[in-house]
There are 2 protein chains.
Amino acid sequence: MQITLKDIARMAGVAESTVSRALNDKPGVGQETKAKILKLAQKYNYRPNQLARGLAVNKTNMIAVILAEMDSPGNIEIVKNIEKAAEEVDYQIILCNTNNDLKKEKSYLSLLEANQVDGAIFIGGKLVSSQLLRLSFEEKNPMVLVNRLAEENFFTSVLTNYSQGIYKAVEHLFEQGFRKIALICGDKDNLTESEKINGYYQAYTEAGFSVNEDLIFSTGADRTSGYNAFLEIMNRDIIPDAFISTRELTTIGLVEAIKFGGYFIPDDFAVVGYGDNILTSVIDPPLTVLNEPAAELAKLSFDFLLKLIKDKLEGQQIKVLTPELIVRESSIAKYN
Amino acid sequence: MQITLKDIARMAGVAESTVSRALNDKPGVGQETKAKILKLAQKYNYRPNQLARGLAVNKTNMIAVILAEMDSPGNIEIVKNIEKAAEEVDYQIILCNTNNDLKKEKSYLSLLEANQVDGAIFIGGKLVSSQLLRLSFEEKNPMVLVNRLAEENFFTSVLTNYSQGIYKAVEHLFEQGFRKIALICGDKDNLTESEKINGYYQAYTEAGFSVNEDLIFSTGADRTSGYNAFLEIMNRDIIPDAFISTRELTTIGLVEAIKFGGYFIPDDFAVVGYGDNILTSVIDPPLTVLNEPAAELAKLSFDFLLKLIKDKLEGQQIKVLTPELIVRESSIAKYN
DNA sequence: GCAATTTACGCAAGCGCTTGCGAAAACTCA
DNA sequence: TGAGTTTTCGCAAGCGCTTGCGTAAATTGC
């Protein structure tokens with residue numbers, strides 16, 4: 001049996017309330033009584049039952065981090081940094097993986113409704129906002145969205161400006177002399193993905209070029225999709241001189257396919273990938289990538305959430321961060 | 001304000017106990033009453049407060065996963081799989097990163113003592129068991145250790161047989177004709193690491209060779225350590241013809257250093273790395289690696305924990321898994 | 001149609017903690 | 001020294017849920 005507040009109170013010969021106050025550094029308890037209580041608590045290794053405490057004060061010091069996919073190193077990076085931020089203010093994070101499954105997302109959402117967590121951070125995913133709406137607005141549950149676009153976005157969010165990222169990438173490739181840039185992205189109806197396509201169009205348009213739609217390839221987000229994308233694109237009428245892959249795993253698949261096809265990067269094809277992970281920097285040649293500022297995304301989102309929890313956030317906040325273009329060899333034209 | 005049991009009870013015109021029983025599918029409540037209650041709960045989107053519930057039944061359906069380091073892809077892989085297993089039986093996992101900090105580990109341990117979680121899984125780390133002893137034994141807190149060796153191990157654990165892994169690797173390299181195999185591992189006083197060294201010795205001995213200690217290099221677990229290890233080893237008297245790197249990140253650093261030095265794998269040096277992540281399979285040449293069965297480690301440890309929680313585990317259980325040797329080009333002798 | 005079961009439900013205590021309020025004790029200060 | 005102030009502490013309710021026990025109602029069997 002665990003030792004409880006009551007036990008300490010009995011042993012100290014005081015009321016439970018006094019013990020509670022002493023332990024929580026609240027005023028209204030004398031020096032000696034406090035000392036005695038603390039000593040006892042120490043001696044018996046007393047740990048307040050957080051459930052009881054949470055129930056009483058309606059606060060758990062836990063937040064849910066709800067991931068759309070755990071396979072993305074970038075997402076993991078964000079989680080790591082949230083954990084770090086949380087730890088500093090003594091918050092625990094509970095990790096949820098929805099696997100892009102709407103049902104699971106909803107079910108995890110009930111952590112919030114069930115008062116098990118003080119707030120939640122959603123990372124990625126494509127649930128339309130209306131699903132979450134009811135809860136957030138009617139029940140005022142603290143939550144913030146990371147890298148998730150919603151049609152009607154009244155959520156506090158911190159986003160990566162994919163559009164601008166792709167824009168940068170295209171611009172860079174233009175500078176290197178590439179003109180036929182294939183874009184490997186996700187499904188067009190996905191807001192995040194259409195953003196990317198926008199950036200692509202914008203870059204082409206502003207440079208005075210026109211877009212060949214055959215160069216835009218929508219596919220899944222996994223490795224195989226990236227691999228197959230290359231094969232398919234090579235079957236089209238127009239052969240690209242460069243690739244932009246907009247997801248982490250597709251980038252890997254793409255590179256594999258190119259190499260397996262006996263082509264060389266950047267000699268045959270320039271490549272701009274996504275995500276600065278162990279792979280992209282070590283692979284041969286080192287990959288130029290767009291990289292989202294995971295640490296910053298994490299920090300900002302956690303800060304927002306904390307403020308929401310403490311009721312200190314005025315109105316909806318949206319912060320948009322620009323991914324960084326890390327230029328390495330894979331996108332440098334040979335004779336430039 | 002959240003809607004509560006009491007609210008439902010009032011609206012249904014029954015006692016709280018009845019509502020509770022109805023919602024939890026317990027016997028003792030009539031068909032119609034039950035239906036009425038369920039409908040109301042549905043209508044008002046009632047979610048039982050898990051804190052209150054937990055307090056009442058002394059169970060939270062949450063477990064802590066306490067990671068020594070979040071930078072290891074292998075560890076992340078284990079976490080992912082634990083999450084998966086947990087999700088299936090409706091358990092939540094709360095993620096803790098100790099960063100190999102003993103203080104933090106202790107503090108996270110108090111999640112157990114504070115009844116916030118039903119159990120904990122420790123992944124990696126080098127805390128000597130005596131630190132945890134008191135809690136586990138005196139308080140009978142369910143916990144299982146993954147990949148953590150302890151001097152006096154009375155904990156239920158699931159371990160990777162590093163010794164045998166290294167043995168396999170050396171054996172394989174022998175078969176390929178390599179004889180001067182450098183071993184890059186961690187500090188010798190670390191149990192896990194000395195295991196590896198044992199495997200190395202054993203392989204050499206059984207093959208009838210003697211070990212040159214200059215080929216054993218103890219260093220940190222990060223990328224830079226791997227990088228520098230190569231440089232240092234090249235400065236020693238004996239130049240190896242092969243490398244075994246026993247941690248994920250050092251493997252990457254090692255490969256970088258070799259390539260940066262202008263050497264070729266496996267022509268100049270054969271390499272056996274650790275961890276089958278995106279990198280090792282895509283890099284050029286594809287890396288031969290030792291890989292721990294993350295999914296299995298996860299599944300087993302979670303199952304053990306679940307049984308411990310349900311008081312269904314008889315005695316201490318220890319399961320030892322052997323890492324798989326995935327042979328790729330990096331360790332294949334050119335003219336073999 | 002009546003005793004004996006069985007079923008359906010309410011009562012109330014309890015999980016371990018917090019907190020507002022009131023009272024007793026300990027201080028002021030003239 | 002005594003009225004007023006401050007400090008220290010206990011009482012008890014409450015957080016939202018579960019559960020053992022008791023009883024009234026419905027059901028059974030003969």
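Sequence lines set the chain letters: A, B, ... in the order given, protein chains first and strands last, and positions in each chain run from 1.
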Practice task
Using atom NZ of B:K36 as one end and atom C1' of C:dC9 as the other, report the distance to the nearest whole Å.
Solution key: 12 Å
Problem - Phosphate-side-chain proximity, B:R53 and D:dG16, N/O vs OP1/OP2 below 4.0 Å - result: no
Handout entry: Under the side chain to side chain contact (heavy atoms under 4.5 Å, CB included) test, residues paired with A:A15 that sit two or more places apart
Key = A:S17, A:T18
Fill in the blank from the handout: From CG of B:L55 across to P of D:dT19 the rounded distance in Å is 12 Å
Handout entry: Flag side-chain contact, heavy atom, 4.5 Å: A:L109 against A:F122
Key = yes
Problem - Candidates B:N81, B:I78, B:V89 - the one meeting side chain to side chain contact (heavy atoms under 4.5 Å, CB included) with B:F302 - result: B:V89
Exercise for the section: Rounded off to whole Å, could you give me the CD1-to-C1' distance for the A:I3 and C:dG16 pair? Expected result: 13 Å
Handout entry: B:A9: side chain to side chain contact (heavy atoms under 4.5 Å, CB included) partners, not counting sequence neighbours
Key = B:E16, B:V19
Exercise for the section: Have a look at A:N115 and say if it touches a base, only the backbone sugar-phosphate, or nothing, with a 4.0 Å heavy-atom cut-off. Expected result: nothing
For nucleotides 23-28 of chain D, list the nitrogen or oxygen atoms of the protein found under 3.5 Å from its nitrogen or oxygen atoms, one pair per line.
none

Practice task
Verify, without hydrogens or angle tests, whether B:E296 (side chain) and B:L321 (backbone) share a donor-acceptor contact under 3.5 angstrom.
Solution key: no
Fill in the blank from the handout: Taken to the nearest whole Å, CD/B:E113 to P/C:dG16 is 16 Å
Exercise for the section: Under 4.0 Å between any heavy atoms, over every strand shown, what does A:T4 touch: base, sugar-phosphate, or nothing? Just pick one. Expected result: sugar-phosphate
Problem - Steps toward side-chain contact (heavy atoms from CB on, under 4.5 Å) verdict (B:Y91, B:L305) - result: CA-CA 12 Å; B:Y91 265 75; B:L305 188 63; over 6 Å; no
Handout entry: Rounded distance (Å) that lies between atom P of D:dC15 and atom CD of A:Q50
Key = 20 Å
Exercise for the section: Mind listing the closest non-hydrogen atom pair of B:I8 and B:A41 along with its distance? Expected result: CD1-CA, 3.8 Å
Completion exercise
Taken to the nearest whole Å, CG/B:D25 to P/C:dA8 is 14 Å
Problem - Counterpart residues, side chain to side chain contact (heavy atoms under 4.5 Å, CB included), relative to A:D187 (two or more places apart) - result: A:D189
Exercise for the section: Take the protein atom CG of A:N58 and the nucleotide atom P of C:dT18, then report the distance between them rounded to whole Å. Expected result: 14 Å
Fill in the blank from the handout: The side-chain hydrogen bond (donor to acceptor under 3.5 Å, both in side chains) partners of B:T98 (sequence neighbours excluded) come to none
Output one line per pair: protein atom, nucleotide atom from nucleotides 8-10 of chain D, and distance, for all N/O pairs under 3.5 Å.
unit_1, atom_1, unit_2, atom_2, d
D:dC9, OP1, A:T33, OG1, 2.6
D:dC9, OP2, A:G30, N, 2.3
D:dC9, OP2, A:T33, OG1, 2.7
D:dG10, OP1, A:A15, N, 3.4
D:dG10, OP2, A:A15, N, 2.6
D:dG10, OP2, A:T18, OG1, 2.5
D:dG10, N7, A:S17, OG, 3.3
D:dG10, N7, A:R21, NH2, 3.3
D:dG10, O6, A:R21, NH2, 2.6

Fill in the blank from the handout: From CG of B:N24 across to P of D:dT18 the rounded distance in Å is 5 Å
